[in-house]
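Before any comments, here is the structure.
Everything quoted here is computed from the prediction, not taken from an experiment.
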Amino acid sequence: MAKRGGLPHLWGQIAGERPVRVHVVEDDAGVSDSLGLILANLGYEVVSYPDAESLFRASPPAGSDTVIVDLSLPGISGGQAVRWLQKLAEPPSVVVISGQSQSAIDHQLRGLKPVGVVRKPLNVESLALAIPAH
């Protein structure tokens with residue numbers, strides 16, 4: 001992956017190779033749309049879900065995918081979604097986003113190992129740097 005202006009950028013794919021897929025689990029439609037646009041502009045294929053239940057009903061993410069999970073989801077919490085993802089046979093990389101206090105984040109993530117935690121309000125650079133290079 002090349003870097004442009006300090007941010008990761010995918011310059012295209014090898015023939016027959018799919019772009020890196022990022023799944024976004026975010027209940028705020030405005031945040032979800034913004035994340036989708038940012039990630040698409042960085043060259044990722046984006047799949048969005050309004051809640052964890054929608055993610056669970058879909059085909060599981062591949063081990064080469066990244067899943068961005070908001071901790072403050074309605075219904076099944078973001079922490080529970082992270083636990084489910086990490087128990088998959090080939091777990092994807094997980095990045096958590098949250099506007100909660102650090103103690104609330106630590107409580108929800110107790111025993112979990114996401115590859116990154118990005119605090120809201122989100123910025124492009126911190127988000128791009130949290131997504132593992134593939």
Take Ser93 and Val95, measure what side-chain contact (heavy atoms from CB on, under 4.5 Å) needs, and give me the verdict at the end.
CA-CA 7 Å; Ser93 298; Val95 174; 5.8 Å; no

Verdict with reasoning, Asp27 to Asp70, per side-chain contact (heavy atoms from CB on, under 4.5 Å)
CA-CA 8 Å; Asp27 64 306; Asp70 180 20; 3.3 Å; yes

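Between the CD1 atom in Ile76 and the CH2 atom in Trp84 there is a gap of 10.0 Å [rounded to 0.5 Å]. Between the OG atom of Ser77 and the CG atom of Asp51 there is a distance of 12.0 Å, given to the nearest 0.5 Å. Here the straight-line distance linking atom CG of Leu127 with atom CD1 of Ile68 works out to 4.5 Å at 0.5 Å rounding. From Ser64, atom OG reaches atom CD of Glu90 across 8.5 Å, with rounding to the nearest 0.5 Å. Annotation: the span from Ile105 atom CD1 to Ile97 atom CD1 amounts to 10.5 Å, rounded to 0.5 Å. Summarising the geometry, atom CD belonging to Glu26 is positioned 7.0 Å from atom CG belonging to Leu73; distances are rounded to the nearest 0.5 Å.
Ring pair His23/Tyr49 is parallel by interplanar angle, where below 30° counts as parallel and above 60° as perpendicular.
Residues Arg21 and Val47 meet the side-chain proximity criterion, which asks for heavy atoms closer than 4.5 Å. Contact annotation: the side chain of Thr66 never approaches that of Tyr44 to less than 4.5 Å [non-hydrogen atoms, C-beta and beyond].
With 3.5 Å as the limit, one finds no donor-acceptor pair spanning the side chains of Gln100 and Arg119.
Residue Val24 is not grouped with residue Leu85 when hydrophobic side chains (ILVMFWY) are merged at heavy-atom distances under 4.5 angstrom, including chains of intermediate members. Under the 4.5 Å side-chain contact rule for hydrophobic residues, Val31 and Ile131 share a cluster. Follow the hydrophobic side-chain contacts under 4.5 Å out from Leu88 and you reach Val67 in the same cluster. In the hydrophobic clustering of this structure, Val117 groups with Val94; members are Ile, Leu, Val, Met, Phe, Trp, Tyr whose side-chain heavy atoms approach within less than 4.5 Å, directly or through other members. Cluster annotation: Leu39 is connected to Val124 through the hydrophobic network of ILVMFWY side chains, with a link wherever side-chain heavy atoms come within less than 4.5 Å.
Not a single donor-acceptor pair under 3.5 Å links the side chain of Asp65 to the backbone N or O of Pro61. Judged by distance alone, the side chain of Arg83 and the main-chain N or O of Gly79 form a donor-acceptor pair under 3.5 Å. Without hydrogens or angle criteria, Glu53 side chain to Gly75 main chain gives no donor-acceptor distance under 3.5 Å. Remark: side-chain polar atoms of Ser54 are not paired, donor with acceptor, to backbone N or O of Pro50 under 3.5 angstrom.
Closest approach of Val46 and Ala40 over heavy atoms only: CG2-N, 3.9 Å. Gly43 and Pro19 make their closest contact through O-CB, 4.0 Å (heavy atoms, listed as atom of the first residue, atom of the second, distance).
For the pairing with Val96, the side chain to side chain contact (heavy atoms under 4.5 Å, CB included) check across Leu112, Val118, Leu109, Val115 returns one residue only, Leu109.
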